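Comments concern the structure below.
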2 protein chains.
Amino acid sequence: MNAKDLNTEQAILKAAKNVFVMKGMEGARMQEIADEAGINKALLHYYFRSKDKLFEAVFKEALFKLMPNLLDLMKKDLALFEKIKLFVENYINTINENPHIPAFIIHELNRNPERVAELIKSTGINPSFFVNQVYEEIEKGTIEPVNPFHLIVNMLAMCIFPFIARPILQYIIFNEDPKVYAAFIEQRKKEVSEFVINAIKKK
Amino acid sequence: MNAKDLNTEQAILKAAKNVFVMKGMEGARMQEIADEAGINKALLHYYFRSKDKLFEAVFKEALFKLMPNLLDLMKKDLALFEKIKLFVENYINTINENPHIPAFIIHELNRNPERVAELIKSTGINPSFFVNQVYEEIEKGTIEPVNPFHLIVNMLAMCIFPFIARPILQYIIFNEDPKVYAAFIEQRKKEVSEFVINAIKKK
DNA sequence: TTATGGTTAAACCCATTGATTAAACCATAT
DNA sequence: ATATGGTTTAATCAATGGGTTTAACCATAA
């Protein structure tokens, strides 16, 4: 595989990502991907065999772009509140750079739950480290006795949701002004971590 | 329109809802909807003209099923903490009865943001009553000075997210056991409202 | 220069699918 | 009984779109 190949292959992947992420597997057209990449449609099959294979390549890349951060962070040796702050800021930043990927994953998750679940499983993601850390803090009496699984889901939810519901928020709450929406997302880094810490810390 | 019509039309809508919600506009097949309804494919066009029209009917019904609750509740004359409790329980219950609709709406939201936004706008939904109530409580010093828009987004997020991410949670966290997942959702009604109230109340 | 082999593109194939048509069906009214 | 008109179906159409084929292109090596 030489440099030219890499270029074409990367161009295809990039174009395919754009189209698949916005329209999903079923809504995407091979012709549109080819146009977006500025190449002939047959080349898509030359490099990736089939639409399904191409989709899988794109999907894996998209999925793994949002996973490793999460994985590393959870296991870090940090105080719980620091970890929460870091997680929220870090994760909102990551999604902000790929704002359509969550909705893309969610759609595929509904279309093909087992396949996606298998993929995620294969990353070896495991919340037990973080869960134990939460239990320890509860023991110590520094936080309320919250269920750590609900805590994780709450944090993920608050980070991800504003991106998948963006059109609603932007058109309804923010009068269609993208600037205001962007500022809202920026605020959230602080607002959410404070919200979470306030919710659990013992006073 | 007589009783027979109503039956057929309702049968079509029900079948179309099942298929569209699970597979989206592009993934759905008119033949599959006809089969699910137990009728001839041409009848779909007889009653709804086109796939697009049928989809629109299904989508509106799905959207408005999740909206009115929200609307009425926000304007009720209730103390803030009571309102939060009621909202969370009520909304989780509503979604639990139609667990696939949020992901369905989100996908359509990405495919066609303006159209969905217009539809939602047309419901006349307006958060200002709730927003003002939050500001009043901040004045009174009963809650921390949180941004009410973030508060709304946080509550929506925590209610909706576990349903759209269900396969991940169920397969990864809950070892594929639907019973455990159902119990988790049941717990959330209490867990989330306590989480929110704890996060904002002044102590 | 020419042979080789990977890369690219144009043209084509054909299964799928949304939509239409024409005829059959059937309940109701005269 | 039969005429009417809404309902349902089978058959068909036309377009779309994923995939294939064939040949042209072009860099590299002998």
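What you are looking at is a predicted structure, and each value in this text was computed from that prediction instead of being measured. Every chain is numbered from 1, with letters handed out A, B, ... down the list of sequences. Quick note: numbers below take in every heavy atom, side chains included, and nothing from hydrogens, waters or symmetry partners.
In this view, A/R166 and A/Q170, A/P178, A/Y181 satisfy the side chain to side chain contact (heavy atoms under 4.5 Å, CB included) rule, not counting sequence neighbours. By the salt bridge (Lys or Arg N to Asp or Glu O under 4.0 Å) test, B/K65 is found to be paired with no residue, residues two or more places apart in sequence or in another chain being considered.
The CG-C1' distance, from A/N7 to C/dT7, rounds to 13 Å in whole Å. Whole-Å rounding puts the A/L44 CG to C/dT8 C1' distance at 12 Å. Separating the CG atom of B/L43 from the P atom of C/dC25 is a distance of 15 Å, rounded to the nearest angstrom. In this structure, CG of B/D52 is placed 18 Å from P of C/dT17, rounded to the nearest angstrom. Atom CZ of B/F55 is separated from atom P of C/dA19 by 14 Å (rounded to the nearest Å). Between the OH atom of B/Y47 and the C1' atom of C/dA19 there is a distance of 18 Å, rounded to whole Å. A/I12 places its CD1 atom 11 Å from the P atom of C/dT7, with the value rounded to the nearest Å.
Here the nucleotide nearest the side chain of A/K51, chosen from D/dG19, C/dG18, C/dT8, is D/dG19. When the nucleotides D/dT20, C/dT7, D/dT8 are ranked by their closest atom to the side chain of A/H45, D/dT20 comes out on top.
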Pairs of donor and acceptor atoms involving the side chains of residues 13-22 of chain B, under 3.5 Å and at least two apart or interchain, shall be tabulated with distances.
| residue | atom | partner | partner atom | Å |
| --- | --- | --- | --- | --- |
| B/N18 | ND2 | B/E36 | OE2 | 3.0 |

Using distance only, find each side-chain donor-acceptor pair of residues 76-90 of chain B under 3.5 Å and give its atom names and separation, not counting sequence neighbours.
| residue | atom | partner | partner atom | Å |
| --- | --- | --- | --- | --- |
| B/K83 | NZ | B/M74 | O | 2.8 |
| B/K83 | NZ | B/K76 | O | 2.8 |
| B/K83 | NZ | B/Q133 | OE1 | 2.6 |

Going by atom type alone, with no hydrogens or angles, which donor-acceptor pairs under 3.5 Å involve a side-chain atom of residues 150-161 of chain A and a protein atom two or more places apart or on another chain?
| residue | atom | partner | partner atom | Å |
| --- | --- | --- | --- | --- |
| A/H150 | ND1 | B/R188 | NH1 | 3.1 |
| A/H150 | NE2 | B/Q187 | OE1 | 2.7 |
| A/N154 | OD1 | B/R188 | NH1 | 3.3 |
| A/N154 | OD1 | B/R188 | NH2 | 2.5 |
| A/N154 | ND2 | A/H150 | O | 3.2 |

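A heavy-atom distance below 4.0 Å to DNA chain D is reached by these residues of residues 20-41 of chain A, ordered by number: A/A28, A/R29, A/M30, A/K41.
Checking the phosphate oxygens (OP1, OP2) of C/dT8, a side-chain nitrogen or oxygen of A/T8 falls inside 4.0 Å. OP1 or OP2 of D/dT9 has not a single side-chain nitrogen or oxygen of B/Y46 nearer than 4.0 Å.
With salt bridges taken as basic N to acidic carboxylate O contacts below 4.0 Å, one links A/K190 and A/E194.
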